[in-house]
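What follows is a single structure, written as structure tokens, with notes after it.
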Amino acid sequence: MALQVSGYTEKEVVGRNSLEFVHPDDLTTASRGLQELQAGQKNQGYQSRIRTRKGVFLWFEWSGSPLDDDHFVLIGREIDRRRRAEDELARYRLGLEKLVAERTEQLRAANRELETFSYSVSHDLRSRLRALNASSRILREEYASQLDDDAKGHLDRISVSTEQMSATLDALLELSLLNHKALQPEPVDLSAVAWSIVDDLQRSDPGRDVDVNVADGLCVSGDATLIRVALQNVLENAWKFTSARTTARIELGRDAELAAYYVRDNGIGFDSAIASELFLPFKRFHTDAFSGTGIGLATARRAIHRHGGTMWAEGEMGVGATIYFSLVEKAGEKAC
């Protein structure tokens, strides 16, 4: 077979050293294979390029068996097309790995720059907010007798605005830092975390009467801090948007069919057409009646994404909303 493909006649190759036809880069491999056969060992196969009668090198796969102390049989099968395809694929894979490594390093550099920028902006803005707040407080305290109600109202609005801006900065920093926090997976009792958050919400808003239902035994594996960040933002959202209900209801459970957890409320809801936009930073759809930074759900989804999970929303205007989230659950992980 090898003789036919190479184009040589039997007379042209008989008596010649077979290594004369081997590509220089493959001499070591071919020599080792022949030595094994000469030593009486069965050769399991090796590959080398052979120069054809036309001067072109083709890839062959060789296998052989010893016949006696002085003779052996060697069979060659032409695999040039397959081998060149494999080499091309290997070069492509190497190039792709190099490109991925370069892009990964560029992304890391960009994240480092973003983190530095976030801290710098936060520091600069905070110092200005403190100065603004201090100035408004001084005006109110030292010039109270000279200020009419309109002036005091303006100072109140300045104070509220600075507090809102400070909260937005905190939320932005939390959002940016989620990408850099090293995950520390452990069993997390989601039910217990939820009740802890609800207790905090009730203490901060004691006038609310909210019917909260948290399913028992909800246990996940993940970073406890990030899981709490995600759940807190989602529950705070539900708490806020049910504030106009006489009987507000919030439920945390697990949908077995979807293999996802959910937080459902009977709040003001939203138009299902904008469901995907709910998780975009600063996208707020009820700005007139409800305060907030517009970053809560974006932060929650990023925390879930860090675990390899997903988060999505369903809702109806005037009826309520449901936020679903899934986490990658691996077999054998410890329960709570």
Side-chain angles (χ1 to χ4, degrees), residues 1-8 13 16-39 41-65 72-118 175-185 221-223 226 279 301-311 326-333:
M1 178 66 179
L3 189 64
Q4 295 173 355
V5 174
S6 67
Y8 293 107
V13 298
R16 296 176 64 178
N17 188 335
S18 60
L19 295 177
E20 294 180 25
F21 304 94
V22 176
H23 192 285
D25 293 344
D26 303 330
L27 283 174
T28 300
T29 301
S31 296
R32 186 184 301 114
L34 292 175
Q35 290 169 4
E36 291 174 356
L37 290 171
Q38 290 168 350
Q41 301 174 16
K42 184 176 180 180
N43 189 279
Q44 297 299 319
Y46 66 90
Q47 297 177 3
S48 66
R49 283 162 288 187
I50 298 296
R51 186 181 67 251
T52 67
R53 200 169 189 278
K54 295 181 180 180
V56 178
F57 284 96
L58 298 178
W59 279 100
F60 283 82
E61 187 171 62
W62 305 93
S63 59
S65 299
F72 60 84
V73 59
L74 183 65
I75 301 174
R77 182 168 62 93
E78 187 260 319
I79 58 166
D80 191 72
R81 183 175 298 177
R82 190 193 82 189
R83 179 57 190 261
R84 293 185 187 280
E86 291 173 350
D87 290 346
E88 181 65 25
L89 182 60
R91 285 193 294 271
Y92 175 78
R93 185 181 294 112
L94 183 62
L96 184 60
E97 290 174 353
K98 182 179 178 182
L99 181 62
V100 169
E102 291 174 352
R103 293 291 185 270
T104 301
E105 181 53 36
Q106 291 173 1
L107 181 59
R108 286 173 180 165
N111 282 335
R112 288 193 295 268
E113 292 177 1
L114 180 60
E115 185 176 2
T116 301
F117 173 77
S118 296
L175 183 63
S176 65
L177 291 175
L178 284 180
N179 287 331
H180 307 287
K181 184 186 183 302
L183 297 183
Q184 298 178 337
S221 178
D223 184 277
L226 291 189
F279 301 98
R301 186 171 66 167
R302 187 165 297 184
I304 295 300
H305 282 183
R306 285 295 312 276
H307 290 81
T310 58
M311 179 175 279
S326 65
L327 295 167
V328 176
E329 299 180 10
K330 301 177 181 178
E333 289 182 336

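Nothing here was measured: the structure is a model prediction, and the numbers come from that model.
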Given side chains that start at C-beta, do those of [X] and [Y] come closer than 4.5 Å, heavy atoms only?
{"X": "L58", "Y": "T52", "result": "yes"}
{"X": "H23", "Y": "R51", "result": "no"}
{"X": "R32", "Y": "Y46", "result": "no"}
{"X": "R83", "Y": "R49", "result": "no"}
{"X": "D26", "Y": "F60", "result": "no"}

Check salt bridge (charged side-chain N to carboxylate O under 4.0 Å, His left out) between [X] and all other residues, then give those that pass, not counting sequence neighbours.
{"X": "E105", "result": "R112"}
{"X": "R84", "result": "D80"}
{"X": "R91", "result": "E88"}
{"X": "E97", "result": "none"}

Residues forming a side chain to side chain donor-acceptor pair (under 3.5 Å) with T28, sequence neighbours excluded: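 Partners of T28 by the side chain to side chain donor-acceptor pair (under 3.5 Å) criterion come out as none, since no residue qualifies.
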Quick check: closest heavy atoms across [X] and [Y], and the distance to 0.1 Å?
{"X": "H305", "Y": "M311", "value": "NE2-N, 4.4 Å"}
{"X": "Q184", "Y": "D223", "value": "N-OD2, 2.9 Å"}
{"X": "F57", "Y": "F21", "value": "CE2-O, 4.0 Å"}

Looking at residues at least two apart in the chain, or sitting in another chain, which of them share a side chain to side chain contact (heavy atoms under 4.5 Å, CB included) with L27? L19, V22
Just by distance, no angles: are the side chains of S48 and T29 close enough, under 3.5 Å, to form a donor-acceptor pair?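 On atom types as modelled, these side chains do not qualify, holding no pair under 3.5 Å.
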